[in-house]
Amino acid sequence: LVGLSAWQALVEMANLKKGQKVFIQAGSGGVGTIAIQLAKHLGATVATTASEKSFAMLKELGADVLIDYKKEDFETILKDYDVVLNSQDTKTLEKSLRILKPGGKAISISGPPTPAFAEAIGASWVVKTVLSLISFGIRKKAKKLGVDYSFLFMRADGKQLSEITSLIETRVITPVLDKVFPFEQTNDALAYVESGRTKG
């Protein structure tokens, strides 16, 4: 799930290239840890947010610019970025639009969904209308800034998954495993994930 989300955002939608700058929010999370490594593999400069206790791990994964979200505001540190991978709330997404260079791309995996997304999944006109209203504000702000906003809802793709698998097998990407739980402790594992303190 996290591998395909990172791949579809950075490779498919952003077409991230060597020398570009990408801001990946919540670097120590599941999508973040994979996205940082994938972006570095593609030759990008990577900025990310996390708590300071995750900095050493994130540096090891390849992050170039580390921002402590508890003490620092990324909007005052980052500018002229090519791509933002948004996984946070709408307020953070709005700030992210402002750190992009003209023509830059903001790709969100946390919403709001767009009419283009509704079109892609073959949704009814009612759903298209609702999503148009929900995402109107953010699309208007992006247009005013001369940047592109799109929503990503990860889809299954065997070919992409095999490419990610080969990157893992050749150790270009190393999945980050925080804890291992026996099957009987599935409820504890889910509670741990829900706590928001997991790495990877």
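Basis for what follows: all heavy atoms, side chains included, without hydrogens, waters or symmetry-related copies.
I77 and V83 sit in two unconnected hydrophobic clusters of ILVMFWY residues. Membership requires side-chain heavy atoms under 4.5 Å apart, directly or through other members. Clustering ILVMFWY residues whenever any of their side-chain heavy atoms sit less than 4.5 angstrom apart, transitively, puts I67 in a cluster other than the one holding I36.
F117 and F153 have tilted rings, their planes meeting at an angle from 30° to 60° on a 0 to 90° scale.
To the nearest 0.5 Å, atoms CD1 (I164) and CD (Q37) are separated by 12.0 Å. Rounded to the nearest 0.5 Å, atoms CG (L38) and CD (E163) are 10.0 Å apart.
Within the 3.5 Å criterion, the main-chain N or O of K128 finds no donor-acceptor partner in the side chain of S132. Side-chain N or O atoms of D82 include one that pairs as donor or acceptor with a backbone N or O of K21 at under 3.5 Å. In this structure a side-chain-to-backbone donor-acceptor pair under 3.5 Å is present from T48 to I24. The closest donor-acceptor contact from the side chain of T49 to the backbone of A26 lies under 3.5 Å.
For the pair F55 and D68, the minimum side-chain heavy-atom distance is below 4.5 Å. Contact annotation: the side chain of L167 approaches that of W7 to within less than 4.5 Å [non-hydrogen atoms, C-beta and beyond].
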Residue pair L66, K59: steps toward the side-chain contact (heavy atoms from CB on, under 4.5 Å) verdict: CA-CA 8 Å; L66 298 157; K59 217 167 189 54; 4.1 Å; yes

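Sparse packing is recorded around CZ of F136, with 12 or fewer heavy atoms of other residues, nucleotides or ligands lying under 6.0 Å away.
Of the residues listed (R155, K105, K159), the one engaging E12 in a salt bridge (Lys or Arg N to Asp or Glu O under 4.0 Å) is R155, and it is the only one.
Using modelled atom types and a 3.5 Å distance limit, the side chains of T92 and N86 yield no donor-acceptor pair. One side chain, Q25 or S96, offers a donor N or O that lies under 3.5 Å from an acceptor on the other.
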